[in-house]
Amino acid sequence: MADPQQVLDARVRDALGAAFGAEYRGLDPLIRPSSFADLQANVALPLGKRLGRPPREVAAELIGHLDVGGICAEPTVSGPGFINFTLLDDWIAGEAGDLLADPRLGVPLAAEPRTVVVEYSSPNIAKEMHVGHLRTTIVGDAIARVLDFAGHHVIRDNHVGDWGTPFGMLIEHLLDVGEESAGAQLLRTDPNTFYAAARAKFDADPEFAGRSRERVVKLQSGDPATMRLWDELMELSRAYLRGIYRLLRVTLTDDDIRGESFYNDMLADTAAELIAMGLATDSDGATCVFPPGFTGRDGTPLPVIIRKRDGGYNYSTTDLATVRYRVDKLNADRAIYVVGSEQALHFQMIFAVARLAGWLPDTASFEHAKIGLVLGTDGNRLRTREGDTIKLSDLLAEGLGRARGILDELETSAELGPQTLAAIAEDVGIGAIKYADLSTARDSGYVFDWDRMISFRGNTGPYLQYATTRILSIFRKAGLAETDAGAPIQVTAPAERDLALRLLGFGAVIAQVEQTAEPHRLCAYLFEVASLFTAFYEHCPVLKAGDEATRAARLALCAVTLRVLRAGLGLLGVPVPERM
RNA sequence: GCGCCCGUAGCUCAGCCGGAUAGAGCAGCUGCCUUCUAAGCAGCGGGUCGCGGGUUCGAAUCCUGCCGGGCGCGCCA
């Protein structure tokens with residue numbers, strides 16, 4: 001409970017109760033950061049209104065009942081009735097010291113852990129991931145890591161596209177080129193080329209197209225020979241994904257893959273139950289549910305098609321079966337779908353139907369964590385088909401190349417071996433790309449600008465990495481491990497105070513990300529911490545401090561900062577090199 | 001037509017569970033390396049928060065109507 005906002009919240013609530021009666025204890029004290037002090041309480045203004053008394057008078061009375069001894073100086077009333085709090089330097093120092101001793105850095109374990117399914121990444125098998133998949137993968141992984149750390153039971157769920165009509169084509173093509181051929185190996189290394197070849201043949205060769213259609217039927221009827229080939233296709237694709245995820249430091253494994261095919265044998269039942277409940281009706285030969293409140297172009301009800309006219313099922317049915325599975329079998333009481341925002345309406349309707357059917361209880365929170373479009377510098381969407389999409393492999397290679405180029409120009413790199421340098425370049429390049437994706441609000445579309453993404457300045461991954469390596473460098477020079485720094489922290493210089501105070505907010509930020517599934521808030525926080533640290537670094541000599549106590553205190557402050565930055569970057573999945 | 005999202009400094013974006021003078025990075029300008037990595041620090045300039053109403057003691061933030069842009073909307077996923 002180091003977060004000053006929470007500490008003061010509790011104190012002011014006590015004072016509200018004491019001053020105005022128990023029923024006022026539940027009032028939100030409205031503690032906010034202040035530009036006139038450290039924090040301010042705004043509660044006196046609405047309360048004055050409610051009591052019919054001048055807000056300044058209410059504020060004064062509140063202060064009279066307020067016990068903040070040892071935490072801050074005597075609160076003051078200013079303006080129309082704001083209560084300003086200035087925290088005591090000693091309190092800040094003490095709390096920061098407690099943080100150093102706290103393995104969880106002020107982040108409480110969830111009192112009531114929830115089972116949370118995080119669906120993310122979800123690429124299509126046999127297609128190379130592009131920047132759009134990159135974003136859902138990176139953001140989803142950060143969300144999963146944060147929820148994990150907060151103490152929830154997280155189930156990572158990679159809902160890959162591994163089923164449907166294209167697979168007839170892909171399997172036939174795999175047969176044609178031969179399972180052990182170089183052509184088949186493209187699935188591991190360059191799946192787009194494999195897919196494109198199959199597609200081209202499908203479009204040009206009627207005989208192949210016919211075979212492909214027959215293959216789809218065999219696939220969906222579970223023909224053993226076809227299933228074996230499908231498994232082979234999947235294994236090659238898993239190998240591709242393993243490589244990408246390893247390079248990206250994404251925590252997804254083969255075990256997290258639960259693709260569309262997984263729900264195949266639940267589809268008929270799902271549709272049948274909807275019909276039996278009277279929710280689904282026949283419409284133009286298709287079986288549809290019309291959830292209330294959704295209308296289309298002409299004010300006509302919008303359907304969720306659960307069975308096509310030809311009797312086949314589509315992705316709506318799969319998504320409904322998925323909801324049921326997550327609730328019934330996984331016991332999920334929260335599910336976060338990290339999926340493109342263009343599917344917003346689809347998920348609204350799926351969740352609405354699932355609620356209607358009683359499959360999604362009110363106690364379960366199923367959320368669509370919308371991911372905005374990735375745009376080109378021309379403001380248009382980056383598209384796969386137009387040929388102007390940046391291939392993921394090219395993107396990552398360029399990231400590493402640029403990182404390496406910058407490292408090579410630095411003097412400090414000269415003393416490092418080539419392997420070390422390559423490893424650092426990878427950390428920096430991958431970190432830059434991931435951080436760029438994480439640091440803007442996930443639901444806003446963002447312009448993919450290579451120079452900005454790879455930029456090593458400002459609110460970027462490398463800037464944060466750099467801050468951590470500077471701290472590590474201090475410890476190296478001192479011949480100490482950061483765990484050796486345990487002296488009482490002192491807060492005397494302004495830069496020390498600003499830094500220490502901000503470090504106390506780590507728990508609050510994690511709580512916020514946990515709640516909103518918005519990792520960019522953590523990025524913003526870490527950038528503040530890193531900025532405050534570099535200011536401290538410039539203004540407050542550590543190893544060359546005037547006296548031994550100051551030196552030890554500053555080393556301890558460095559250690560807390562290091563731990564917060566490392567933990568935060570770890571939760572974002574951004575690697576942290578030892579030196580840069 | 002309906003749904004979701006967006007419109008904040010020259011550019012890219014935060015802030016939006018209402019609070020006192022709207023923040024950051026980049027770009028521009030000025031300083032700072034005999035002292036722990038200058039991938040840095042200190043500072044300056046730069047904004048009708050798309051427009052109009054409404055609610056409120058108080059609106060970038062909430063409601064509403066426009067304007068402009070993006071995405072989606074019946075048998076692809």
Side-chain angles (χ1 to χ4, degrees), chain A residues 28 30 32 34-36 40 42 45-46 48-49 55 78-82 84 122 124 161 163-166 260 283-288 293-310 312-316 318-319 340-349 368 370 372-373 375 379-381 406-407 409-412 428 439-441 443-447 449 451-452 455-460 462-463 465-467 469-478 495 515 520-521 523-524 527-528 531 534-545 554 558 579-580:
Chain A
D28 185 347
L30 301 170
R32 300 284 185 268
S34 174
S35 43
F36 297 87
Q40 61 185 52
N42 300 331
L45 286 89
K49 186 81 177 174
S78 76
F82 300 110
N84 289 345
S122 309
N124 289 316
W163 203 247
T165 42
E260 292 167 358
S283 174
D284 286 339
T287 309
C288 304
F294 295 92
T295 50
R297 287 182 215 290
D298 315 315
T300 55
L302 267 184
V304 173
I305 297 172
I306 57 163
R307 194 168 58 196
K308 297 186 290 183
R309 191 186 311 202
D310 66 8
Y313 302 106
N314 62 10
Y315 76 124
S316 289
T318 304
D319 282 348
S341 58
E342 63 269 24
Q343 295 202 40
L345 184 60
H346 166 70
F347 283 121
Q348 274 184 39
M349 296 182 73
H368 178 197
K370 304 185 213 14
L373 287 175
L375 309 170
N380 292 318
R381 179 182 187 166
I406 291 168
L407 285 172
E409 288 174 19
L410 296 175
E411 287 177 25
T412 47
V428 172
S439 56
T440 54
D443 57 341
S444 64
Y446 91 107
V447 176
D449 183 331
D451 291 328
R452 192 170 293 115
S455 166
F456 291 78
R457 310 182 81 94
N459 185 13
T460 65
Y463 178 81
Q465 291 171 325
Y466 181 50
T469 58
R470 287 175 113 174
I471 301 174
L472 286 165
S473 173
I474 290 174
F475 282 105
R476 257 199 312 275
K477 281 248 160 47
Q515 195 175 16
H520 78 278
R521 295 178 185 281
C523 293
F527 177 57
E528 283 178 38
S531 300
T534 49
F536 161 78
Y537 181 89
E538 296 284 339
H539 299 298
C540 302
V542 177
L543 300 179
K544 292 170 180 138
R554 288 181 176 169
C558 285
R579 51 171 74 197
M580 289 169 73

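Letters A, B, ... are given to chains in the order of the sequence lines, protein chains preceding strands, and every chain is numbered from 1.
Whole-Å rounding puts the A/Phe347 CZ to B/A77 P distance at 14 Å. Atom pair A/His368:NE2 and B/G3:P shows a separation of 18 Å (rounding to whole Å applied). For the pair A/His346 NE2 and B/C76 C1', the interatomic distance rounds to 12 Å; values are reported in whole Å. We find that CG of A/Leu345 is positioned 14 Å from C1' of B/G1, with the value rounded to whole Å. To the nearest angstrom, C1' of B/C4 lies 11 Å from CZ of A/Phe294. Following rounding to the nearest Å, A/Glu342 (CD) and B/G70 (C1') show an atom-to-atom distance of 11 Å. Rounding to whole angstrom units, CD1 of residue A/Ile306 and P of B/C75 are separated by 16 Å.
Within the 4.5 Å cutoff, side-chain heavy atoms of A/Leu30 are placed close to those of A/Pro46. Contact check for A/Val304 versus A/Ser316: side-chain heavy atoms found under the 4.5 Å cut-off. Between A/Cys558 and A/Tyr537, every side-chain heavy-atom pair lies at or beyond the 4.5 Å cut-off. Looking only at side-chain heavy atoms (C-beta outward), A/Gln40 and A/Asn84 come within less than 4.5 Å of each other.
If you take atom C1' in B/C67 and the same atom in B/G52, they sit 10 Å apart, rounded to whole Å. Comparing the P positions of B/G31 and B/U37 gives a spacing of 27 Å, expressed to the nearest Å. One P atom belongs to B/C16, the other to B/U61, and the distance between them is 13 Å to the nearest Å. One C1' atom belongs to B/G45, the other to B/C63, and the distance between them is 38 Å to the nearest Å. Taking atom P on both B/G50 and B/G74, the two are 32 Å apart, rounded to the nearest angstrom. Comparing B/G46 with B/G69, their C1' atoms sit 26 Å apart, to the nearest whole Å. Comparing B/A42 with B/U8, their P atoms sit 28 Å apart, to the nearest whole Å. The C1' atoms of B/G65 and B/U21 are separated by 32 Å, rounded to the nearest whole Å.
A donor N or O paired with an acceptor N or O is found under 3.5 Å between the base of B/G74 and the side-chain atoms of A/Ser283.
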In sequence, state the C-alpha distance, the side-chain angles, and the governing distance for A/Arg554 and A/Phe536, and then conclude on side chain to side chain contact (heavy atoms under 4.5 Å, CB included). CA-CA 10 Å; A/Arg554 288 181 176 169; A/Phe536 161 78; 4.0 Å; yes

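For A/Thr440, counting side-chain heavy atoms from C-beta on, the closest listed nucleotide (B/G3, B/A14, B/C71) is B/A14.
For the pair A/Ser473 (side chain) and A/Thr469 (backbone), a donor-acceptor distance under 3.5 Å is absent. Judged by distance alone, with hydrogens and angles left aside, the side-chain atoms of A/Asp284 form no donor-acceptor pair with the main-chain N or O of A/Ala286 at under 3.5 Å.
Contact annotation for A/Gln465: no contact, since no heavy-atom pair falls under 4.0 Å across all strands. Residue contacts shown for A/Asp310 are absent, as no nucleic acid heavy atom lies under 4.0 Å away. Heavy atoms of A/Ala535 sit under 4.0 angstrom from primed sugar atoms or phosphate atoms, though from no base atom.
In RNA chain B, the stems built from three or more successive Watson-Crick or G-U pairs (distances below 3.5 Å) are B:1-7 with B:67-73, B:10-13 with B:23-26, B:28-32 with B:40-44, B:50-54 with B:62-66.
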For nucleotides 33-40 of chain B, read 5' to 3', which letter fits each nucleotide if B means a protein heavy atom sits under 4.0 Å from the base, S means only the sugar-phosphate is that close, and - means neither? --SBBSBB

Using nucleotides 15-23 of chain B, report all nitrogen or oxygen pairs with the protein that are shorter than 3.5 Å.
{"residue": "B/G15", "atom": "OP1", "partner": "A/His520", "partner atom": "NE2", "Å": "3.0"}
{"residue": "B/A20", "atom": "N7", "partner": "A/Gln40", "partner atom": "OE1", "Å": "2.9"}
{"residue": "B/A20", "atom": "N7", "partner": "A/Gln40", "partner atom": "NE2", "Å": "3.3"}
{"residue": "B/A20", "atom": "N6", "partner": "A/Gln40", "partner atom": "OE1", "Å": "3.0"}
{"residue": "B/A20", "atom": "N6", "partner": "A/Asn84", "partner atom": "OD1", "Å": "2.5"}
{"residue": "B/A20", "atom": "N6", "partner": "A/Asn84", "partner atom": "ND2", "Å": "3.4"}
{"residue": "B/A20", "atom": "N1", "partner": "A/Ser78", "partner atom": "OG", "Å": "2.4"}

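Nearer the 5' end of RNA chain B, as judged by each residue's closest nucleotide, is the contact made by A/Gln348, out of A/Ser531 and A/Gln348.
For B/C71, neither phosphate oxygen OP1 nor OP2 lies less than 4.0 angstrom from any side-chain nitrogen or oxygen of A/Lys370.
Judged by distance alone, the side chains of A/Asn459 and A/Ser439 never bring a donor and an acceptor atom under 3.5 Å apart. Counted by atom type alone, A/Thr534 and A/Tyr466 present zero donor-acceptor pairs between their side chains at under 3.5 Å.
With its glycosidic angle more than 90° from 0, B/C32 is assigned anti.
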